[in-house]
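What follows is a short report on a single structure.
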There are 2 protein chains.
Amino acid sequence: MNKQNIPDIVIQRLPIYLQALNQLLREGRGVVSSAELGHLVMVTAAQIRKDLSYFGGFGKQGSGYNVIYLIESIRAILNLNQIWPVVIVGVGNLGQALLRYQGFSRKGFEIVLACDINPSLIGTRINGLEISDINNLEENLRRLKLQIAVLTVPAACAQNVADKLVSYGIRAILNYAPVVVKAPEQVHIINIDPVVKLQNLTYYLDTKDYQGLDNK
Amino acid sequence: MNKQNIPDIVIQRLPIYLQALNQLLREGRGVVSSAELGHLVMVTAAQIRKDLSYFGGFGKQGSGYNVIYLIESIRAILNLNQIWPVVIVGVGNLGQALLRYQGFSRKGFEIVLACDINPSLIGTRINGLEISDINNLEENLRRLKLQIAVLTVPAACAQNVADKLVSYGIRAILNYAPVVVKAPEQVHIINIDPVVKLQNLTYYLDTKDYQGLDNK
DNA sequence: TAGATTGTTAATCGATTAACAATC
DNA sequence: TAGATTGTTAATCGATTAACAATC
């Protein structure tokens with residue numbers, strides 16, 4: 001099975017399956033059927049089986065999937081059997097919060113570098129990590145050989161910073177800045193501007209002062 | 001045009017178009033073609049025209065779309081011509097960061113309520129807002145008639161808190177907790193656990209200590 | 001008018017689901 | 001063995017793209 005052939009949308013669902021499987025593990029469950037797992041993550045049983053079948057057969061007819069074995073299998077597929085070092089670029093409110101967030105290290109992502117352009121931040125420590133000067137970014141990235149960057153800079157400089165990150169070897173960017181950041185296709189980018197997500201939700205809500213221009 | 005018939009995925013793209021259009025507006029651009037807008041947000045020109053056509057015709061043959069008019073049209077479609085009050089539930093690291101984040105209010109989302117279960121937080125102020133007791137959530141939500149909640153509580157209580165939010169009238173949830181939160185179908189939920197997004201990216205990266213179980 | 005670009009239809013592409021033989 | 005559930009194929013469904021008449 002070739003990595004190229006597997007739809008992105010299948011890969012996107014795997015971490016969610018993993019989340020549910022870990023929950024089952026904590027509850028002491030040994031096996032789970034595609035029907036039950038599907039119920040937990042809100043997808044059909046057929047979809048779960050189809051998604052997994054891209055990578056092989058992990059279940060047993062008649063009983064279902066061994067929870068531990070499926071967890072280990074998905075972790076292997078997603079390359080999660082290692083600690084991934086991460087850089088946070090931009091230590092504003094969001095960047096600081098992510099630095100303090102315990103969830104990353106608990107799940108195998110270690111923030112090993114945080115940088116900013118603000119002189120009053122550079123040299124200070126947050127959660128034990130010293131904030132470095134963004135002007136030393138190239139040197140630091142080349143030394144640490146990082147592949148993953150979390151981008152929490154203002155919109156105005158996001159593309160510029162992203163270009164630099166890519167030229168210094170970054171291969172994956174989690175972008176919180178409110179712009180669509182572009183990069184060569186071998187670089188993977190996920191955009192998660194929270195405002196975009198909220199603006200998506202408001203479409204479905206009742207509004208008090210609707211001033212529509214359309215025929216909705 | 002019936003709201004039911006429009007694919008969710010179309011609605012998801014509208015805020016991104018808006019983002020790019022606002023950028024064009026700042027640059028002083030008066031009109032833009034579907035080809036150029038598509039280039040900015042990495043979708044085809046045909047898709048932009050198709051997406052917009054669900055709501056009406058906003059362009060002019062020969063020249064393209066008036067930037068200001070299209071911004072106003074999309075804002076109307078997404079119900080953005082009002083300030084949306086929001087509650088943040090759970091004032092840990094992430095919740096605190098979002099409270100301090102300026103991007104929400106700048107884009108029309110005002111955090112009017114923040115609550116937590118931790119007695120040492122309740123009564124303190126962050127960014128001018130007093131943290132309230134989560135035990136008063138029902139009373140506060142009924143009074144403020146909020147429809148949007150940002151969920152930044154630990155995974156273990158996320159579903160429980162979400163159930164309460166729904167029963168108190170919340171209709172949209174932006175969920176940062178690392179679990180798939182379930183709700184009746186008239187309640188809209190977007191999950192944005194950052195770890196899930198990172199786990200998606202690692203699939204595509206080079207790994208040093210691969211221990212695969214599969215045939216990739 | 002000539003050139004450009006929309007809005008829309010039909011064709012294509014890809015993802016989801018249903019169904020069931022295989023088999024635990 | 002009987003019952004259950006997988007893995008996979010084929011059918012269906014839905015989204016994207018190509019093409020072009022309409023028209024600015």
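Reckoned from all heavy atoms, side chains included, excluding hydrogens, waters and symmetry mates. Numbered from 1 within each chain, the chains take letters A, B, ... in sequence-line order.
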Between dT5(D), dT16(D), dG7(D), which nucleotide has the shortest distance from any of its atoms to the side chain of Ser33(A)? dT5(D)
Among dG7(D), dT5(D), dA15(C), which nucleotide has an atom closest to any side-chain atom of Pro7(A)? dA15(C)
Rounded interatomic separation in angstrom, taking CG from Leu52(B) and P from dT6(C): 10 Å
Atom pair CZ/CG of Arg142(B) and Leu137(B) - distance to nearest 0.5 Å: 10.0 Å
Met42(B) atom CE is separated from dT16(D) atom P, nearest whole Å, by 15 Å
Quickly work out the Ile48(A) CD1 to dA18(C) P distance and round it to whole Å. 15 Å
By nearest heavy atom, map Asp8(B) and Gly57(A) onto DNA chain D; which one lands nearer the 5' end? Gly57(A)
Please determine if a side-chain N or O atom of Ser34(A) lies less than 4.0 Å away from the OP1 or OP2 oxygen of dT5(D). no
Any-strand Watson-Crick or G-U partner of dA11(C), both distances under 3.5 Å: dT16(D)
Is there a side-chain contact between Tyr54(B) and the phosphate of dA15(D), meaning an N or O under 4.0 Å from OP1 or OP2? no
Thr44(B) side chain, from C-beta outward: closest of dT8(D), dT17(D), dA19(D): dT17(D)
Can you tell me which nucleotide in dT6(C), dA15(D), dT16(C) comes closest to the side chain of Ile9(B)? dA15(D)
Of Lys60(A) and Gln47(A), the one whose closest nucleotide on DNA chain C sits nearer the 5' end is Gln47(A)
Considering just the side-chain nitrogens and oxygens of Arg49(A), establish if one lies under 4.0 Å of OP1 or OP2 belonging to dT9(D). no
Candidate nucleotides dA15(D), dG7(D), dT8(D), ranked by approach to the side chain of Lys50(A) - the nearest: dT8(D)
Rounded to whole angstroms, how far apart are CG on Asn66(A) and P on dT5(D)? 15 Å
May I have the distance from Phe55(B) (atom CZ) to dG7(C) (atom C1'), rounded to whole angstrom? 15 Å
To the nearest angstrom, how far is His39(B) atom NE2 from dT5(C) atom P? 15 Å
Searching all strands shown, indicate the nucleotide that pairs with dT6(C) (Watson-Crick or G-U wobble; both distances under 3.5 Å). dA21(D)
Does Asp116(A) reach the main-chain N or O of Val91(A) with its side chain, forming a donor-acceptor pair under 3.5 Å? yes
Which word best sums up how the rings of Phe58(A) and Tyr69(A) line up, parallel for under 30°, tilted for 30 to 60°, or perpendicular for over 60°? tilted
Tell me: CG of Asn5(B) to P of dG14(D), nearest whole Å? 11 Å
How many angstroms lie between atom OG1 of Thr207(B) and atom CG of Asn81(A), to the nearest 0.5 angstrom? 8.0 Å
For the side chain of Gln61(B), starting at C-beta, report the closest nucleotide among dG7(C), dT16(D), dT23(D). dT23(D)
Would you call Glu138(B) and Arg143(B) a salt bridge, taking side-chain N to carboxylate O under 4.0 Å as the test? no
When rounded to whole Å, the CD1 to P distance for the pair Ile6(B) and dA15(D) reads 12 Å
To the side chain of Ala46(B), which of dA18(D), dA22(D), dT8(D) is closest? dA18(D)
Stacked cation flag Lys107(A) on Phe104(A), 6.0 angstrom / 45 deg: no
